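Some notes on the structure that comes next.
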Number of protein chains: 2
Amino acid sequence: MRVKTLCLGALCLGDATGYDIKKLFENAFNHFHGASFGSIYPSLKKLEEQGHVSHRVEAGEKHPDRKLFHVTDEGRACFLSELAGTPASEQLRSESMVLLFFAHLLPTEILQQKLAEMETHYSEELNYLESLSECSNHTSGIDFTIGMGKSVLRAKLDYLHNHRKTLLASHRDLPDSPWNAGCEQNNQQAESSS
Amino acid sequence: MRVKTLCLGALCLGDATGYDIKKLFENAFNHFHGASFGSIYPSLKKLEEQGHVSHRVEAGEKHPDRKLFHVTDEGRACFLSELAGTPASEQLRSESMVLLFFAHLLPTEILQQKLAEMETHYSEELNYLESLSECSNHTSGIDFTIGMGKSVLRAKLDYLHNHRKTLLASHRDLPDSPWNAGCEQNNQQAESSS
DNA sequence: GGACTCATGTAAGCTGTTACATGATTTC
DNA sequence: GAAATCATGTAACAGCTTACATGAGTCC
């Protein structure tokens, strides 16, 4: 689902500035969808061109001028029909799983470090979701997404605790890998062939 | 993690053609990373330009000619150092969660339909992972990723079963939404402004 | 004085998807 | 004869991220 649609959805919850929407993304969508300013502002622009939102400028005394966006009836109807037409699906992008998939190629200490990182991340996200669920102004749908997120994270942490030892045990006797073979240039720029 | 890196990783498991790598993605990476031909072939090309892989052509009698790729020592070292330098992280893109986040805007029957879709998807993916774990040629790392995937899916299915009724119960008394307000033109082409 | 938050926006570029183009062999 | 599988690749485009550019107010 595109950021444009998500912005429209955010505005269906109440008028907001681009900045507000970014915060909503961080506070509520964070565990299942990301978005940056570089996509939010252009999205709002397009939505306005299409007549799905309008805005008024609020002159600021204590803050900079802000463009407060508002969904039009057409925009609301459009969002609803898009929602209804969106199939329920999901996609994971997990570097963690890739790392574990290739665990046999990693030295034990690095593997341990990655496992520790995973636990930290999962714990932090769980804490975050727990702090979210203490806020009380949620619809039942939002509570559902938070609850689902928490259950999934608990399952991940449990799995990690229960299987980490087994993984490390069957990992021990690796041959040393050629660590220092120079290859740092791959990550960004690289070649400029046609 | 980019497809290029993943291709390099795939080749660290053994020589393969682009087509083989695509199948590996479908069979093993599927639940945590996707990739299409349109990204695999160009990746292999770049890897070869960088000297990380080489290939030989296998003339086909029973199949078309195939380019069998092979990791060079440099490529292997590069992959290992990239792996070690990759922080363990993950990102979810879930239309399902978006749908539920806005559940209060959906008519009950559509919501029920989406919940049913979610269950179907989760069940299918669980079946798929269960079929994977019956294969016996896995490293312990691969088993770990499959096991983690299964645990997460079971947690999702459990949560769905335990909370679906609550969600639907608190959903009932919605006002009718303006369904038929014409807005189908938003999905693809749209305007051609400068 | 410095750092942080609020606030808006643009431009370059990376990465990947979709659709197209081609064609042999095998299976039904 | 049709459909599926094997096999390789390109081109157009979509979509998003990163970094840049700017500036006021507030908190320490």
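Residue numbers begin at 1 in each chain, while the letters A, B, ... track the order of the sequences. No experiment lies behind these values; they were computed from the predicted model shown.
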As a test of reading the structure: which of [options] is closest to the side chain of [X], going by heavy atoms?
| X | options | value |
| --- | --- | --- |
| A:Phe37 | C:dT8, C:dG16, D:dT10 | C:dT8 |
| B:Tyr41 | C:dT8, D:dA7, C:dT10 | D:dA7 |
| A:Pro64 | D:dT17, C:dA7, C:dT10 | C:dA7 |

Length of the line joining [X]:[atom1] and [N]:[atom2], which is rounded to integer Å:
| X | N | atom1 | atom2 | value |
| --- | --- | --- | --- | --- |
| A:Gln91 | C:dT17 | CD | P | 8 Å |
| B:Ile40 | D:dC6 | CD1 | P | 14 Å |
| B:Leu44 | D:dT8 | CG | P | 9 Å |
| A:Arg93 | D:dC16 | CZ | C1' | 12 Å |
| A:Arg2 | C:dT18 | CZ | P | 13 Å |
| B:Phe69 | D:dA7 | CZ | P | 13 Å |
| A:Lys46 | D:dC16 | NZ | P | 9 Å |
| B:Leu6 | C:dT17 | CG | P | 11 Å |

Polar side chain donor-acceptor pair, A:Tyr122 to B:Glu90, under 3.5 angstrom: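 Indeed, the side chains of A:Tyr122 and B:Glu90 share at least one donor-acceptor pair under 3.5 Å.
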Check whether the ring centres of A:Phe144 and B:Phe101 lie less than 6.0 Å apart, and answer yes or no.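 No: the rings miss the under 6.0 Å criterion.
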Would a line drawn from the ring center of A:His163 to the ring center of A:Tyr159 be shorter than 6.0 Å?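 Yes, ring centres under 6.0 Å apart.
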How far does the helix from C:dG1-D:dC28 to C:dC28-D:dG1 bend, going by the axes of its first and last five pairs, to the nearest 10°?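 Both end axes considered, the difference amounts to 40°.
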N/O (side chain, B:Ser36) to phosphate O (OP1/OP2, C:dT18) under 4.0 Å: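 Result: no.
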Hey, is the side chain of A:Lys67 poking within less than 4.0 Å of OP1 or OP2 on C:dG9, counting only N and O atoms?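 Looking at the OP1 and OP2 atoms of C:dG9, one of them is under 4.0 Å from a side-chain N or O of A:Lys67.
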Any residue in residues 15-29 of chain B with a heavy atom nearer than 4.0 angstrom to DNA chain D? Just list them by number, or reply none.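 Result for residues 15-29 of chain B: B:Thr17, B:Gly18, B:Tyr19, sorted by number.
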Check this for me: does any side-chain nitrogen of one of [X] and [Y] sit under 4.0 Å from a carboxylate oxygen of the other?
| X | Y | result |
| --- | --- | --- |
| A:Glu82 | A:Arg2 | yes |
| A:Lys22 | A:Glu26 | yes |
| A:Glu119 | A:Arg164 | yes |
| A:Lys156 | A:Glu125 | no |

Which residue lies toward the 5' end of DNA chain C, A:Arg66 or B:His33, if each is placed at its nearest nucleotide?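 The 5'-side residue here is A:Arg66.
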Can you label the angle between the A:Phe37 ring and the A:Tyr41 ring as parallel, tilted or perpendicular, going by 30° and 60°?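 Judged by the thresholds at 30° and 60°, the geometry between A:Phe37 and A:Tyr41 is parallel.
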Which heavy-atom pair separates A:Thr72 from A:Gly51 by the least distance, and what is that distance?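 Shortest heavy-atom separation between A:Thr72 and A:Gly51 comes out as OG1-O, 2.8 Å.
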B:Glu49/B:Lys4 under salt bridge (charged side-chain N to carboxylate O under 4.0 Å, His left out): CA gap, chis, key distance, verdict: CA-CA 12 Å; B:Glu49 283 165 13; B:Lys4 200 176 76 170; over 6 Å; no
Specify the residue among B:Pro42 and A:Gly34 whose closest nucleotide of DNA chain D lies further upstream toward the 5′ end.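 It is B:Pro42 whose nearest nucleotide is closer to the 5' end.
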Judged by each residue's nearest nucleotide on DNA chain D, which is more toward the 5′ side, B:Leu68 or A:Val3?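 Going by which nucleotide is closer to the 5' end, it is B:Leu68.
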